[in-house]
Student: 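One structure follows; several queries about it will come next.
This is a predicted model, so every value here is computed, not measured.
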Amino acid sequence: MHLRAAGDPDDRLAADGRKGLHDWVSNQAPTVYRTPAPEQAESISRMLPGLDLPPQVARRICFAAALPYTAPHRTAPLPYARDDR
C-alpha cells in the first residue's frame, strides 16, 4: 500500500507513502520472516525504481523482499568529489 501511495501523482499522498515506507523499513522490516510471493516481488521490483526514495530505504526494502538492489545512476558527481589532475 505504501509503495502505491509513494508513486501517486498527488504530492501529498506520495509524501505520505514515502514516510510510510521509511517507517516500515525502520520498524517492521527487521521482523519480516518470509519473502513476498513471486507476483508481489515482481510488483515491488517494478514499482520501486520509479519512486523518489532515499537509496538506504530502497536498499532495505530490497533486502527485506529478497530482491536485488541496483543503485540509482548519478548524473552529477558527489559534492565532495574532486578531480586533482
Student: So how far is it from Leu53 CG to Leu3 CG, rounded to the nearest 0.5 Å?
Tutor: 7.5 Å
Student: More than 12 heavy atoms of other residues, nucleotides or ligands under 6.0 Å from CZ of Arg18: is that the case?
Tutor: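 Yes, the 6.0 Å shell around CZ holds more than 12 heavy atoms from other groups.
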Student: Could you tell me whether the side chain of Ser45 and the main chain of Ala41 form a donor-acceptor pair under 3.5 Å?
Tutor: yes
Student: Among Arg46, Glu39, Gln40, find the one that has a side-chain contact (heavy atoms from CB on, under 4.5 Å) with Ser43.
Tutor: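 Between Ser43 and the candidates, side-chain contact (heavy atoms from CB on, under 4.5 Å) is satisfied uniquely by Arg46.
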Student: Are Arg4 and Asp8 close enough for a salt bridge, meaning some N to O gap below 4.0 Å?
Tutor: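 Not counted as a salt bridge, because no side-chain N and carboxylate O are separated by less than 4.0 Å.
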Student: Does any non-hydrogen side-chain atom of Leu48 lie less than 4.5 Å from one of Tyr69?
Tutor: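 SC-SC contact between Tyr69 and Leu48 ruled out.
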Student: Would Leu67 end up clustered with Val32 when hydrophobic side chains under 4.5 Å apart are linked, directly or stepwise?
Tutor: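 Yes, because Leu67 and Val32 connect within a single hydrophobic cluster, where side-chain heavy atoms sit under 4.5 Å apart.
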Student: So which atom in Ile44 and which in Ala65 form the shortest heavy-atom distance, rounded to 0.1 Å?
Tutor: CD1-CB, 4.4 Å
Student: List the atom of Pro68, the atom of Cys62, and the distance in Å for their closest heavy-atom pair.
Tutor: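 What the structure gives for the nearest pair is O-SG, 3.7 Å.
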Student: Where do Gly17 and Ala5 come nearest, in terms of heavy atoms and distance?
Tutor: CA-CB, 3.7 Å
Student: How long is the span from the CD1 atom in Ile61 to the CD atom in Gln56, to the nearest 0.5 Å?
Tutor: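 Taking CD1 in Ile61 and CD in Gln56, the distance rounds to 10.5 Å.
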Student: List the steps, then state whether salt bridge (Lys or Arg N to Asp or Glu O under 4.0 Å) holds for Arg12 with Asp16.
Tutor: CA-CA 6 Å; Arg12 283 183 59 187; Asp16 286 347; 5.9 Å; no
Student: Can you hop from Met47 to Val57 via hydrophobic side chains spaced under 4.5 Å?
Tutor: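 Yes; Val57 is reachable from Met47 via cluster members.
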